[in-house]
Amino acid sequence: MMRRRKFAGPVELAEDMSLQITSMADIFTIVLVFLLKTQVGGLSSLSVDRELVLPEAPVRSQPYHDALQLEIRRDGILVDQRLAAGLRNFSFSGDSRDGDAEVSGISQDVYRALIRSRTESKATPEESRVLLLADERTPYSTLNAVIGAASAAGYVDLQLAVVEH
Amino acid sequence: MSFDGSSSGGLAAGGGGDALDLDLNIAPVIDCLTVLITFLLVSASFISIGMISTGAASFSEKAAATTDPRHDVLLSVRMGAQGGWLLRLTGRKVETVSVPAWADGRRDFEGLAGAIQKAREEFPELEEAAVSADPSIEYGDIIRAVETVRRQVPKVYVGG
């Protein structure tokens with residue numbers, strides 16, 4: 001007959017339990033570096049209105065040059081984030097001063113806002129760059145009037161903002 | 001030799017002084033990392049915005065006539081409301097090429113690329129193109145056209 005072994009009593013667990021957070025620190029460091037890397041870049045800090053739907057285009061990332069921001073939304077055109085002209089469903093309304101923009105080819109309100117912005121920012125006459133954020137549903141008539149105004153104000157280098165895909 | 005049960009924890013080796021017991025408290029580091037990561041996640045934008053560099057086309061025939069004389073040939077691409085393309089070469093040679101839309105009304109971007117390629121083969125010095133459209137054409141389609149033209153012509157202008 002086998003001799004029964006006497007089982008030892010329950011093992012007392014150590015009361016001190018240390019939490020290993022070294023591995024968590026490693027993961028946090030990696031995630032932090034990744035997020036910082038993705039934050040770098042001028043265009044990533046661009047704030048785009050939620051209702052503004054930028055067109056998609058297969059473009060490679062290009063260095064972003066600081067430029068005056070021109071935004072075309074459904075209800076208005078913003079120059080340097082200030083309302084310059086009103087729109088009605090992306091088109092110039094007949095009761096605004098730009099009612100004949102489609103005929104003349106130039107939006108006078110946008111032109112005046114661009115000149116004012118150039119004066120206030122004390123931009124040099126050589127500064128000719130403008131960043132255009134236009135909704136993909138904008139008709140060419142409105143776009144042409146805005147580009148015409150920009151061209152008349154000396155902004156002939158257009159940077160068209162698109163969503164990369 | 002006797003051991004002191006209430007020692008501070010350091011091991012004395014060879015009868016020397018107390019060893020330095022250094023505990024690195026990384027809990028505050030974790031706190032900072034947590035806050036920083038939360039902030040970056042909230043402010044991160046997962047939509048990548050790129051840009052296409054173009055120029056503003058001239059708005060008068062007079063201005064167009066004073067373009068760089070080095071560029072003897074200018075290409076003008078017009079998007080029609082019915083889905084077709086109208087390519088116009090001006091300068092050393094005047095020629096008009098029409099690219100119709102597909103039977104279902106879709107724009108033929110491949111046809112446009114082919115027509116531009118032919119123009120480039122005939123005029124290798126072709127370096128500029130202007131893209132314009134019918135007033136009702138949407139900006140999204142214009143961007144696609146600009147991208148198609150840009151693949152073969154280095155400098156693209158929009159407007160007119």
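Per chain, numbering begins at 1; letters A, B, ... match sequence-line order.
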key: Interatomic distance, A/Thr22 atom OG1 to B/Ile26 atom CD1 [nearest 0.5 angstrom]   = 4.5 Å

request  = Give the minimum heavy-atom separation between B/Glu147 and A/Ala57, together with the two atoms involved.
outcome  = CG-CB, 4.0 Å

Among A/Val162, A/Val53, A/Val31, residue most engaged with chain B (heavy-atom pairs, under 4.5 Å) = A/Val162

inquiry  = Is it the case that atom NZ in B/Lys155 sees more than 12 heavy atoms from other parts of the structure closer than 6.0 Å?
reply    = yes

note = Those residues at least two apart in sequence (or on a different chain) that pass salt bridge (Lys or Arg N to Asp or Glu O under 4.0 Å) with B/Asp104 are B/Arg106

key: Proximity breakdown for A/Leu54 and chain B, heavy-atom pairs closer than 4.5 Å   = side chain

ask   = If you take all heavy atoms of A/Asn144 and B/Gly159, which pair is closest and at what distance?
value = OD1-CA, 3.5 Å

request  = Please name the pair of heavy atoms, one in B/Tyr139 and one in A/Leu132, separated by the smallest distance, quoted to 0.1 Å.
outcome  = OH-CD2, 4.3 Å

query = Which bit of B/Ile37 comes within less than 4.5 Å of chain A, counting heavy atoms only: side chain, backbone, both or neither?
reply = both

key: Which portion of A/Pro139 sits near chain B, non-hydrogen atoms under 4.5 angstrom   = both

message = Tell me the closest heavy-atom pair linking A/Pro55 and B/Ile143, and the distance in Å.
response = CG-CG1, 3.6 Å

ask   = chain B heavy atoms under 4.5 Å from A/Ala134: which part of the residue, side chain, backbone, both or neither?
value = both

Separation between CG of A/Leu160 and CD1 of B/Ile142, rounded to the nearest 0.5 Å = 10.0 Å

inquiry  = So, taking the atom named CD1 in B/Ile30 and the one named CD1 in A/Ile27, what distance separates them when rounded to the nearest 0.5 Å?
reply    = 10.5 Å

ask   = Does CZ belonging to B/Arg144 count more than 12 external heavy atoms closer than 6.0 Å?
value = no

key: Over 12 non-hydrogen atoms of neighbours within 6.0 angstrom of CZ in B/Arg120   = yes

inquiry  = Which atoms of B/Asp134 are under 4.5 Å from chain A, going by heavy atoms: the side chain, the backbone, both sets, or neither?
reply    = backbone

message = Is there a continuous path of hydrophobic side-chain contacts, each under 4.5 Å between heavy atoms, that joins A/Met24 to B/Leu41?
response = yes

query = If two hydrophobic side chains count as joined below 4.5 Å and joins carry through other members, does B/Val97 share a cluster with B/Val156?
reply = yes

message = A quick test of your reading: do over 12 heavy atoms of other residues, nucleotides or ligands sit less than 6.0 Å from CD of B/Glu121?
response = yes

task = Measure the CG-CG distance between B/Leu36 and A/Leu36 for me, rounded to the nearest 0.5 Å.
result = 6.5 Å

remark   = In this structure, CG of B/Leu33 is separated from OG1 of A/Thr29 (nearest 0.5 Å) by 5.5 Å

inquiry  = Minimum heavy-atom separation for A/Ala161 and B/Ile49, please, with both atom names.
reply    = CB-CG2, 4.3 Å

key: Cluster check B/Phe109, B/Leu75: I/L/V/M/F/W/Y, side chain < 4.5 angstrom   = yes

inquiry  = Hydrophobic clustering (ILVMFWY, side-chain heavy atoms < 4.5 Å, transitive) - are A/Phe90 and A/Leu133 grouped together?
reply    = no

query = Can you name the closest pair of heavy atoms from B/Val131 and A/Tyr140 and give their distance?
reply = O-OH, 4.0 Å

task = Would you kindly confirm whether B/Val158 and A/Val156 end up in one hydrophobic cluster when ILVMFWY residues are joined by side chain heavy atoms under 4.5 Å apart?
result = no

inquiry  = Below 4.5 Å, heavy-atom pairs only: which of B/Gly140, B/Ser132, B/Ala133 has the largest tally toward chain A?
reply    = B/Ala133

